[in-house]
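Since the structure comes first, as structure tokens, the remarks are kept for the end.
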Amino acid sequence: MIALEVLRHEPERLRKAIADKGIECDLDSILVLDKKRRVLIHSVERLRARQRGVNKEMAALEKGSQEFMAKVGEMRGVSSEVKAKDAELKALESDWNAQRLSLPNIPHASVPVAPDPSGNVVYYSWGDPACVSPQARPHFEGKVFKKYADYARGAKVTGAGWPFFRGGLAKLMRSLINFFLDEALRNGYEEVTGPLVVNRDSASATGQLPDKEGQMYVLSRDGFYLIPTSEVPVTNFYRDEILDEAELPVYRVCYSPCFRREAGSYGKTVRGLNRVHQFDKVELVKWVHPTESYRELESLKADAERLLQKLDIPYRALLMCTGDLGFTQSKKYDLEVWAGGQKRWLEVSSCSNFEAFQARRANIRYRPPGQKPVHLHTLNGSALAVPRVLAAILENNVLEDGRIKIPPVLEAYFGEEFLE
């Protein structure tokens, strides 16, 4: 959520952010509504002050006297007017709150300004894509994947894009999850598990609503949403709470299945593990002091990158431009792995700084010693999303006989040197 000071005193800065991000948002309408709201609040406050004044005057008069009864009539008139104004303000506040949630976060000054993904900048790269297996082929064409991935039975049980994975492939996925979690614990994150469904307040607090409502699965009877990422429940852990400044920073790691509609996509680019409706992901979440959030962003990105380096997967880090930044982020890096069989880059992580945007929506604050509470900054990043990391391993490490060489760092988890 955008600070009221920015909305009222820097509207052109906000207008530029809306244009740079390509967000549809009627800022002029929101500004008019904000002015109307402030006028109405002032009117209600004046009426309440008059109520208090009349009450004080009545206390000094003899009950039942002509002057007292005149004040009773005046009080009834003021009370009626207050009631009407309160009802008007309540309706306006509802509209105001809904429209304010449509305002996107403002990009950091270091974010490249460009209208579409072509403006993303390759910030860093690691590994040589040319050094992957000479037998590399798309994972969904390999014998191991065909042996252990069952899309037909998944479609029978649920629908297209909900596969079964069994045997060695399921074990390798579990090995990746445990590796990701153990590495996060070594880096100072506390493990947490949370709900896989959230209410509307939680989804609104992190910015999934209203921006990405069409991508979420809804449990309509209860008004709950299946989580698209564990960022949502974990960030809301501190919703409507005040932390002591000494508690910051707070680091958490959470493994969860994630659920996304990912509708309207077809073809080779979404085959196999490239895009599924349910997938496993390990998420890192931080609550930090505002002066430290951009240093914490670089540290968060480094935590995710080390996983790819230990897995020996070539990857690149992209600094996302304004047109590809997203509704909620101030700054974001994407990590993409090289899938040697498909000969393309696959996104496996987004590392984002939201500054105080989510904290305002979720009302998460910290209290500096002897001062009033202040909104902290939130960050999160995938470390990592399992399916596309697995796709890169299956493609880059395939042997001539079709077996998959397990990355050495995973052998202790997987228990074998090869997947066959």
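As a basis for the values below, the full set of heavy atoms in this structure was taken, side chains included, without hydrogen atoms, waters or symmetry mates.
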Between [X] and [Y], does any side-chain donor sit less than 3.5 Å from a side-chain acceptor?
X: Asp95; Y: Gln99; answer: yes
X: Glu305; Y: Tyr315; answer: yes
X: Ser293; Y: Glu355; answer: no
X: Glu298; Y: Tyr333; answer: yes
X: Ser330; Y: Asn105; answer: yes

*Residues which pass side chain to side chain contact (heavy atoms under 4.5 Å, CB included) with Asn97, listed by chain and number, not counting sequence neighbours*: Glu93
[X], [atom1]: over 12 other non-hydrogen atoms inside 6.0 angstrom:
X: Lys85; atom1: NZ; value: no
X: Lys16; atom1: NZ; value: no
X: Gln371; atom1: CD; value: yes

*Do Glu81 and Arg48 sit within salt-bridge range, that is, some charged N less than 4.0 Å from a carboxylate O?*
no
*Are any of the side-chain nitrogens in Arg38 or Asp34 under 4.0 Å away from the carboxylate oxygens of its partner?*
yes
*Apply salt bridge (Lys or Arg N to Asp or Glu O under 4.0 Å) to Asp150 and Arg166, showing your working.*
CA-CA 8 Å; Asp150 196 328; Arg166 60 185 185 84; 5.6 Å; no
*Mark yes or no: Arg261 above the aromatic ring of Tyr217, with NZ or CZ under 6.0 Å from the six-membered ring centre and no more than 45 degrees from the axis.*
yes
*Six-ring centre of Phe164, Arg153 cation under 6.0 angstrom, axis tolerance 45°*: no
*Can you list every pair that meets ring-ring contact (aromatic ring centres under 6.0 Å, His included) and has a residue in residues 185-207, with sequence neighbours left out?*
Tyr189-Tyr251
